[in-house]
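Notes follow the structure.
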Amino acid sequence: MKFKICVSGAAAGETLNRDNAEKAKELGRAIAARDCILITGATTGLPHYAAVGCKEAKGISIGFSPASTYQDHVYRYHLPVNYFDLIVYTGFGYSGRNLILTRSADAVVTIGGRMGTLNEFTVAFEDRKPLAVLEETGGMADEIKELTEIAHKHQCSIIYDTDPDKLIGGLIADLRQDRHHIREEHRALKVDQPE
């Protein structure tokens, strides 16, 4: 099965700038180049630029919308529909969408961001998902290291890097290692069980 990588970041605000838009595209390209599936909140801004990069690299892009229908997505939330192969209409608003989005992902990447990005990060952190943070993109991405040190809650795999391609490469390596361990444990369980 292909890994599903969520890119979480600012839909608007000061971290939505030209440099970060290009970095978000690079994230999308790197995900597609490694034959993984990009998932986002089907929103504007940095997640949308990641979808653009993914589609430029001929990858698969899936959006999880806060809306309940296509019409709701376009007219009420004013969200894009281009650059997605599929949009899942959750109907749960932003906070409910964030939960479904992060739970559907194998890993979550943070770039820039504001409160919604932090919400997606903390849900994934609580679920102990593999996490990656693109440093030097401002907003929540540059605060996460300190926030997790303050929290002292539990160990969670978080990769930090300033290079989008290296960040995704490290994240995929971690995911492959985790999947290998799960397969080995599953094989051991099958051997140990009586028939």
Side-chain angles (χ1 to χ4, degrees), residues 1-10 15 19-43 45-64 83-88 98-113 117-137 139-142 144-145 148 154-187:
M1 286 195 326
K2 296 183 180 193
F3 293 117
K4 298 178 302 298
I5 312 298
C6 171
V7 171
S8 174
T15 64
D19 288 343
N20 283 350
E22 187 52 43
K23 288 177 182 178
K25 285 183 186 178
E26 289 177 39
L27 288 172
R29 289 184 201 114
I31 290 166
R34 288 169 175 83
D35 199 29
C36 296
I37 297 170
L38 169 71
I39 65 173
T40 71
T43 190
L46 298 177
H48 193 251
Y49 283 111
V52 171
C54 179
K55 294 312 294 175
E56 286 175 353
K58 310 271 190 272
I60 297 171
S61 172
I62 299 173
F64 285 77
Y83 300 103
F84 295 108
D85 292 288
L86 172 72
I87 297 177
V88 177
N98 292 352
L99 180 65
I100 293 169
L101 171 64
T102 56
R103 292 251 167 103
S104 297
D106 294 306
V108 176
V109 179
T110 301
I111 174 173
T117 304
L118 180 61
N119 177 243
E120 290 168 2
F121 176 87
T122 57
V123 169
F125 182 84
E126 288 291 329
D127 287 345
R128 298 176 190 240
K129 299 256 182 186
L131 299 163
V133 178
L134 192 60
E135 294 180 296
E136 298 178 14
T137 55
M140 289 302 150
D142 290 349
I144 284 175
K145 192 177 277 187
T148 55
H154 56 253
Q155 292 297 323
C156 189
S157 174
I158 306 173
I159 298 170
Y160 297 91
D161 206 309
T162 57
D163 181 280
D165 191 63
K166 287 181 184 175
L167 187 74
I168 297 300
L171 184 61
I172 301 300
D174 279 2
L175 285 168
R176 285 190 178 127
Q177 185 176 16
D178 286 349
R179 192 164 280 176
H180 175 75
H181 288 306
I182 291 168
R183 285 182 181 147
E184 291 300 313
E185 288 173 8
H186 183 71
R187 275 193 206 113

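Index from 1, following the sequence. What you see is a predicted model, and the numbers here were worked out from it, not measured in a lab.
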Subject >> Ala51: partners by side-chain contact (heavy atoms from CB on, under 4.5 Å), with sequence neighbours left out >> reply: Leu38, Ser61, Tyr83, Phe84
Original post:
How many angstroms lie between atom CG of Leu101 and atom CD1 of Ile39, to the nearest 0.5 angstrom?
Top reply: 5.0 Å
Subject >> Minimum heavy-atom distance between Ile100 and Ser104, given as atom pair plus value >> reply: O-OG, 2.7 Å
Original post:
Partners of Lys166 by side chain to side chain donor-acceptor pair (under 3.5 Å), sequence neighbours excluded?
Top reply: none
Original post:
For Ala132 and Leu171, which heavy atoms make the closest approach, and how far apart are they?
Top reply: CB-CD2, 4.0 Å
Original post:
Considering residues at least two apart in sequence or located in another chain, which fulfil the side-chain contact (heavy atoms from CB on, under 4.5 Å) criterion with Asp165?
Top reply: Ala30, Arg34, Asp163
Subject >> Sequence-distant partners of Lys55, salt bridge (charged side-chain N to carboxylate O under 4.0 Å, His left out), two or more places apart >> reply: Asp85
**OP:** Measure across Ala32 and Gly59 and return the closest heavy-atom pair with its distance rounded to 0.1 Å.
**Re:** CB-CA, 3.6 Å
Subject >> Partner set under salt bridge (charged side-chain N to carboxylate O under 4.0 Å, His left out) for Asp106, not counting sequence neighbours >> reply: Lys4
**OP:** Output all residues satisfying side-chain contact (heavy atoms from CB on, under 4.5 Å) with Ala21, sequence neighbours left out; order by chain, then residue number.
**Re:** Tyr49
Subject >> Spatial distance of atom OG1 (Thr122) from atom CD1 (Ile144) [nearest 0.5 Å] >> reply: 9.0 Å
Subject >> Ile168 side, atom CD1; Ile31 side, atom CD1 - distance, nearest 0.5 Å >> reply: 4.0 Å
**OP:** Quick one: list whatever passes salt bridge (charged side-chain N to carboxylate O under 4.0 Å, His left out) with Lys25, sequence neighbours left out.
**Re:** none
Subject >> Residue pair Thr40, His48: steps toward the side chain to side chain contact (heavy atoms under 4.5 Å, CB included) verdict >> reply: CA-CA 8 Å; Thr40 71; His48 193 251; over 6 Å; no
**OP:** Mind running side chain to side chain contact (heavy atoms under 4.5 Å, CB included) on Val108 and Val123 for me, showing each step along the way?
**Re:** CA-CA 10 Å; Val108 176; Val123 169; over 6 Å; no
Subject >> Closest contact, heavy atoms only, Pro164 versus Leu134 >> reply: N-CD1, 3.8 Å
Original post:
Which value, rounded to the nearest 0.5 Å, describes the distance between Asp127 atom CG and Thr102 atom OG1?
Top reply: 6.0 Å
Original post:
For Ser8, which residues count as a side chain to side chain donor-acceptor pair (under 3.5 Å) partner, sequence neighbours excluded?
Top reply: Glu120
Original post:
Side chains of Thr137 and Leu46: closer than 4.5 Å at any heavy-atom pair?
Top reply: no
Original post:
How many angstroms lie between CG in Asn20 and CD in Glu26, if you round to the nearest 0.5 Å?
Top reply: 10.5 Å
**OP:** For Glu136, check side-chain contact (heavy atoms from CB on, under 4.5 Å) against everything at least two apart and list the hits.
**Re:** Thr162
**OP:** Can you see which heavy atom on Ala42 is nearest to which on Ile87, and at what distance?
**Re:** CB-CG2, 4.4 Å
**OP:** Answer whether the closest heavy-atom distance between the side chains of Ile5 and Leu175 falls below 4.5 Å.
**Re:** yes
Original post:
Of all residues at least two apart in sequence or in a different chain, which pass the salt bridge (charged side-chain N to carboxylate O under 4.0 Å, His left out) check with Lys145?
Top reply: Glu135
Subject >> Asn98: partners by side chain to side chain donor-acceptor pair (under 3.5 Å), with sequence neighbours left out >> reply: Asn119
Original post:
If every non-hydrogen atom of Thr15 is compared with every non-hydrogen atom of Gly139, which pair is closest and at what distance?
Top reply: CG2-N, 3.3 Å
Original post:
Between Ser157 (side chain) and Pro130 (backbone), is there a donor-acceptor pair under 3.5 Å?
Top reply: no
**OP:** With sequence neighbours left out, write down each residue that passes side chain to side chain donor-acceptor pair (under 3.5 Å) with Asp161, or none if nothing qualifies.
**Re:** none
Subject >> Within-4.5 Å side-chain heavy-atom neighbours: Thr110 and Leu131 >> reply: no
